[in-house]
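Below: one structure, written as structure tokens.
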Amino acid sequence: MSRSFDLVVIGSGAAAGNIASQCRAAGWSVAMVDKRPFGGTCALRGCDPKKVLVSAAAAVDAGRVLAGKGVEPDGLRLDWPALMQFKRTFTDPVPAARRTALAKAGIETFDGVARFVGATRITVDGEMLEATRALAIATGAVPVPLPIEGSEHVMISDDFLNLDSLPSSIVFIGGGYISFEFAHVAARAGASVTIVHRGARPLEAFDRDLVARLVDRTRELGIDLRLSTEVRRVESARGRSRVVGFAESEEVAFETDLVVHGAGRVPDLEELNLEAAGVRRSGAGVVVNEYLQSVSNPMVYAAGDCADSGGPPLSPVAGYEGRIAAANLLEGNHLKTEYSTVPSVVFTIPPLARVGLDEDEARRQELRFTVRLEDTSGWNSSRRVGERHSAFKVLVEDGTDRIVGAHLLGPRADETINVFALAMRAGIPASQLRRMLWAYPTYASDIAYY
Ligand SMILES: Cc1cc2nc3c(=O)[nH]c(=O)nc-3n(C[C@H](O)[C@H](O)[C@H](O)COP(=O)(O)OP(=O)(O)OC[C@H]3O[C@@H](n4cnc5c(N)ncnc54)[C@H](O)[C@@H]3O)c2cc1C
């Protein structure tokens with residue numbers, strides 16, 4: 001049996017949601033398919049549940065770092081099972097609520113793995129869906145397969161976010177943002193934590209000077225951060241694991257209760273059978289033009305983590321690309337993607353944030369700019385909350401006073417970075433931003449001295 005829709009959307013996350021709802025609002029008939037519970041990664045297995053854990057860990061940390069400074073932190077600790085229960089009050093209602101909203105909007109939902117059988121046709125659980133106007137791929141990303149022996153003993157981020165009890169020791173493979181965020185939570189919860197990273201520098205997408213300070217903070221927490229160490233295999237016996245790697249050709253091994261994959265994610269495209277639709281892909285996703293249209297099948301658009309669009313794999317970017325794709329589908333290709341002022345945050349405690357260019361990128365663009373780097377750990381805003389690691393780096397173009405990049409580490413850096421993103425998007429020059437009348441004393445009011 002075959003069903004026809006103006007638009008078939010594969011996925012139900014931030015990108016898919018916007019494409020489907022905008023096209024439906026314009027009167028198109030729309031089908032949405034997902035192989036997992038509806039709602040996508042951010043709401044169910046990513047940003048939102050993670051931030052619940054980070055918030056609890058930050059509350060505990062806030063008391064601990066003010067110990068002896070007017071706060072008695074005795075008895076302040078994370079209750080992991082209760083925290084998990086609290087987290088589920090955010091995630092459990094999502095699939096049903098999402099389906100209800102989709103049904104109310106008149107979007108038909110299908111459960112199962114979507115697989116192309118032609119340029120505009122897919123099968124889902126034995127049913128054939130035909131797209132008469134367009135097909136949108138918004139299938140997100142999954143952890144990259146680990147090319148190591150014993151990878152079946154390694155848990156992925158989905159599992160970590162569902163742990164009923166926290167083991168006493170955890171090894172994270174990979175030194176990216178997911179490992180750092182989870183490690184900071186687990187350490188505050190009392191686990192003994194190791195991060196094993198292949199490169200010499202963790203969090204490579206973030207400013208090196210600020211990362212160095214975050215590394216100090218991470219190590220002070222007791223997290224064992226091993227750099228230039230490549231994991232080769234994971235052994236498991238009697239409920240314990242052994243992670244074996246090489247550092248400068250010396251074998252190193254870590255005994256642990258749990259091993260977690262934090263070594264990066266790749267577009268989730270393997271099950272789609274893209275060849276049947278003539279949809280070209282690269283390692284970074286479905287190859288699209290600047291309108292998010294497939295370069296090899298004009299009926300197909302792609303958005304979010306699964307698209308090779310040049311945009312970073314972040315939730316707001318997925319939502320933004322969904323809106324761009326929908327507008328181009330409805331009105332013809334006219335909106336192009338633009339990513340120069342997308343802020344990005346590592347939700348460690350304290351958080352690390354960036355927007356715009358880093359120094360290397362600015363140099364590659366042959367910009368002439370001045371760097372303002374300052375350690376702010378002695379400033380009132382850090383001292384009053386007991387934070388001993390904070391700093392900023394702002395890049396301002398010579399002559400134009402344009403802010404080309406901002407990098408922040410410290411309390412509320414995750415919020416303050418939005419001020420810089422707004423200023424950069426609105427073209428507010430650095431000197432004007434400093435002269436703003438800010439509410440005082442706030443983290444934004446520190447910008448007056450940046
Ligand atoms: C642990 C973690 C923490 C994160 N934290 C942040 C954060 O703090 N901030 C931030 O901005 N981003 C964060 N992200 C990234 C963010 O979650 C993603 O960028 C975003 O969810 C991508 O949205 P999407 O719409 O592209 O895809 P997704 O939300 O991943 O949705 C894709 C959907 O497609 C479905 N699907 C895949 N293949 C098929 C198929 N063949 N058939 C049917 N259905 C299919 C999947 O089941 C999935 O539900 C985090 C990610 C993780 C894993």
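When a ligand or atom number is given, it counts from 1 through the structure's own listing order.
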List the atom pairs, donor and acceptor, that lie under 3.5 Å between side-chain atoms in residues 173-182 and the rest of the protein, sequence neighbours left out.
from : atom 1 : to   : atom 2 : distance (Å)
S179 : OG     : G174 : O      : 2.7
E181 : OE1    : K50  : NZ     : 2.9
E181 : OE2    : K50  : NZ     : 3.3
E181 : OE2    : F347 : N      : 2.7

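Salt-bridge check for R24 with E108: failed, with every basic side-chain N at 4.0 Å or more from each acidic carboxylate O. Look at D375 and R213 and you find a salt bridge, because one of the NZ, NE, NH1 or NH2 atoms lies within 4.0 Å of a carboxylate O, short of that distance. A salt bridge does not link R36 with D111: none of the charged nitrogens is closer than 4.0 Å to a carboxylate oxygen. Salt bridge annotation for R88-D164: present, with a cationic side-chain nitrogen under 4.0 angstrom from a carboxylate oxygen. Taking 4.0 Å as the cut-off between side-chain N and carboxylate O, R208 and E359 do not count as a salt-bridged pair.
The residues lining ligand 1, counting any heavy atom closer than 4.0 Å, are I10, G11, S12, G13, A14, A15, V33, D34, K35, R36, G40, T41, C42, R45, G46, C47, K50, G112, V113, A114, A138, T139, G140, S157, Y177, I178, F182, R265, D268, L272, G304, D305, P313, L314, S315, P316, A318, F347.
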